[in-house]
Amino acid sequence: MAEGGDVDWELCKENIQPLRRGRAISALHQALSQQQDGPSSAVNQQRQAFESELRMYEGEDPLDVWDRYIKWTEQTFPQGGKESNLATLLERAVTKFTEEEKYHNDPRYVDLWIKFAENCSEPLDIYRYMQAQGIGVTQASLYIAWSEEYENQGNSRKADLVFQEGFKKSAEPHEKLMQFHKALQARVSRQVLMNVEDDSDDEPKQPERVSLADLKHRGKKKAIAPVNRTGSAVRSVSRGLQSLGAPILGNASNSQLVIFDENKTSSAGPSEPKLESWVAPPTAAAKENEQRPERWCDVKMPQKSKFGRTVMAPPPPKPTFQPFVEESDQPPTMTPCKINPAVNTVLSSRKPCREETPLKRLQEHHQHQKEAESGKLQEQSMYCKELLLSGATEFCFEELRAERYFKKTHQDSQKEVKSEQDQACASESSVC
Amino acid sequence: MTSTLKGITLKGSAELVAEFFSFGINSILYQRGIYPPETFTRVTHYDMSLQLTTDPKLKNYLTNVVSQLKEWLFECTVQKLVLVITCLETNEVLERWQFDIECDKSAKESSAPREKSIKTIQEEIRSVIRQITATVTFLPLLETPCAFDLLVYTDKDLEVPEKWEESGPQIIDQSEEVRLRSFTTSIHKVNSMVAYKRTDSV
């Protein structure tokens, strides 16, 4: 093969997360080749350099370091994941500047927030939080990302409302917002059109059973699960379908059709995104699959078979068809990549509690700061805790000291060189 | 049927390559979202499922281009086919898919079929199309509505047919280039490449 190493990316394509801005192919090649022979010291060194830059930076624009660090991480760890530390990094970056008013509408900062939100399980909460805190409220990108999230969840009406909010706040750049809004409208209208066409096709059809919805016995085997469905069970199935969006016509149980009134809802407008202060973190009430505490002793497992033994599932019958195998199919000659153990850090980062969501942590951090301001906080660390913990990984005192030492020696040596030059100049001038 | 399986003639090669372009262009248009995905239908070809457009205008345009291309391939006068993706509003070139075509002009004189089975050729074509699909892993997202354009580079002395016009090369400045796989029918060799705007210049 003439392309040789160039096909690396194709073999690992499943392990490369697509980026909005695309990837530099050289960085990708490098990252993939490193993946095969372990994370090189170059990557570790570069990360360390970023980490120390985060701590030692003294300029006007600390966000810049974070921004570069995160972009570098994205490019260097195409597969994302724990090794890249991207989630922690984003969270730290985002929390660090919540108090800095000057960054609130900085496009870079808003971008970081959006990336952070996309990494979370509940991006909508994050966007609402951003709005409440006034972060990115004049940036078109916030409204675009927010609306995309609503659209992905199938709520195109709210997606549209988000855009209206953006227009109200006259978010910049205005053209971009307009353009995305138009694209959304086009998509929605196309969808509506398609649905209308579909409906006209579907109308004569009888309500069908959904596959995988209920157990059904097949063939000569005796059914294990009860298959006689009562009226209510049948109805519940159709309800389940209905909630998916397609109303089923001709079902006696739901002959009452609710007709959507556009004017009515828009006047009521309870779902309009309002600027509400963020009072408390979302309660844990929404959790699923939680079991109430109860006595566990004397509880018997329900027996599945009538003989008191668990029934082994019969072996799957052999397929009656011949699976297609390409004639020239050869076993792959190499396994494209293996995942390497994470970078060996002596100080391991503390694992966050399962219960915590990033947003919750964020709010706690926020509250902490407020308390600290009002002087309520009792604790006071007598060491530079901020500096040690400010990056994505933890530093130890010695590292900080070494960093300062190197900086100082560097400065000193520069000074010496300069003074020597000055002296040389001076001596020259005296000669003249 | 047995003769077509063993060797390949110039005419057959031109047809195969033209067919590749038809499928290749369709899958780029689908993958990059130039046309809405609902306007495509799935077909099975080269033992893989591919997306073909159902938009009548686009279909018409593509058949025109491909049939013209087939002629040029048969005459061995075509050098390159380029698919340019531009931003609809600013007309900025965002992506450029280039297919260099090397013709073996000696095939025009001798009509004897070459030794290469259609199966191996299709295999090679398949891997090119697979790679086109895989490029989404590194290409930037096209956030704006985009248009596309097809450019064909031919030998200089060729007359410009009706419905075609001369154009510039539409090069992207500061681009990242990635070579893709190539395939050959032993008469026509096609090298593929994609260029896109570099990350840090966005």
Side-chain angles (χ1 to χ4, degrees), chain A residues 1-29 31-32 67-68 71-72 74-75 78-79 107 111 140-141 144-145 148 175-176 178-180 182-183 186-187 189-191 193-195 197-198 324-330, chain B residues 31-33 35-39 44 46-48 87-90 94-95 117 119-120 122-124 126-146 172 174-184 189 191-202:
Chain A
M1 232 173 284
E3 287 92 341
D6 286 10
V7 295
D8 258 7
W9 64 265
E10 200 193 350
L11 289 175
C12 300
K13 58 178 180 283
E14 294 87 353
N15 290 334
I16 302 169
Q17 293 192 336
L19 286 185
R20 226 162 235 272
R21 302 155 63 97
R23 288 182 180 279
I25 196 74
S26 50
L28 190 61
H29 278 314
L32 291 177
D67 192 42
R68 274 185 291 123
K71 277 186 186 140
W72 173 84
E74 279 178 338
Q75 294 284 349
Q79 76 278 43
D111 264 1
S141 49
I144 291 167
E148 262 169 15
E175 293 87 53
K176 200 174 164 194
M178 284 286 278
Q179 190 193 332
F180 276 83
K182 257 189 226 156
R187 277 196 299 273
S189 60
R190 207 162 52 222
Q191 238 170 29
L193 263 177
M194 299 260 291
N195 277 349
E197 276 170 28
D198 279 359
F324 173 74
V325 179
E326 224 166 87
E327 269 172 49
S328 56
D329 206 17
Q330 293 155 340
Chain B
Q31 293 296 339
R32 306 306 291 144
Y35 284 82
E38 305 94 83
T39 64
T44 308
Y46 304 127
D47 280 338
M48 62 199 284
C87 174
L88 203 58
E89 276 172 21
T90 58
L94 298 175
E95 254 172 59
S117 76
K119 207 157 192 177
T120 37
Q122 286 201 341
E123 188 120 320
E124 285 175 27
R126 185 158 61 221
S127 63
V128 176
I129 292 185
R130 283 220 175 109
Q131 218 175 16
I132 289 175
T133 314
T135 49
V136 286
T137 49
F138 59 82
L139 288 179
L141 194 72
L142 298 172
E143 292 200 309
T144 54
C146 289
I172 310 174
Q174 282 206 320
S175 68
E176 191 92 33
E177 289 182 2
V178 182
R179 289 217 150 269
L180 304 179
R181 282 173 201 272
S182 58
F183 76 92
T184 173
K189 183 169 197 262
N191 295 314
S192 333
M193 191 181 86
V194 56
Y196 56 97
K197 265 186 97 68
R198 195 175 292 170
T199 336
D200 42 283
S201 64
V202 177

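In the text below, chain A, chain B and the rest are named by the order of the sequence lines, each starting its count at 1.
- Within the 4.5 angstrom heavy-atom criterion, no atom of B:Thr120 approaches chain A.
- Rounding to the nearest 0.5 angstrom, the gap separating the CD atom in B:Glu89 from the NZ atom in A:Lys176 is 12.5 Å.
- The part of B:Val178 that comes within reach of chain A is its side chain, from C-beta onward, which places non-hydrogen atoms under 4.5 angstrom from that chain.
- For A:Leu19, the part lying under 4.5 angstrom from a heavy atom of chain B is the backbone only.
- Within the 4.5 angstrom heavy-atom criterion, no atom of A:Arg187 approaches chain B.
- Summarising the geometry of B:Thr137 relative to A:Ile16, their closest heavy-atom pair is O-CG2, 3.7 Å, with the distance given to 0.1 Å.
- The OH atom of B:Tyr196 sits 9.5 Å away from the CZ atom of A:Arg23 when rounded to the nearest 0.5 Å.
- Contact detail for A:Gln179 and B:Glu143: the closest heavy-atom pair is NE2-O, 4.4 Å.
- Proximity to chain B is limited to the backbone of A:Gln17, based on heavy atoms less than 4.5 angstrom apart.
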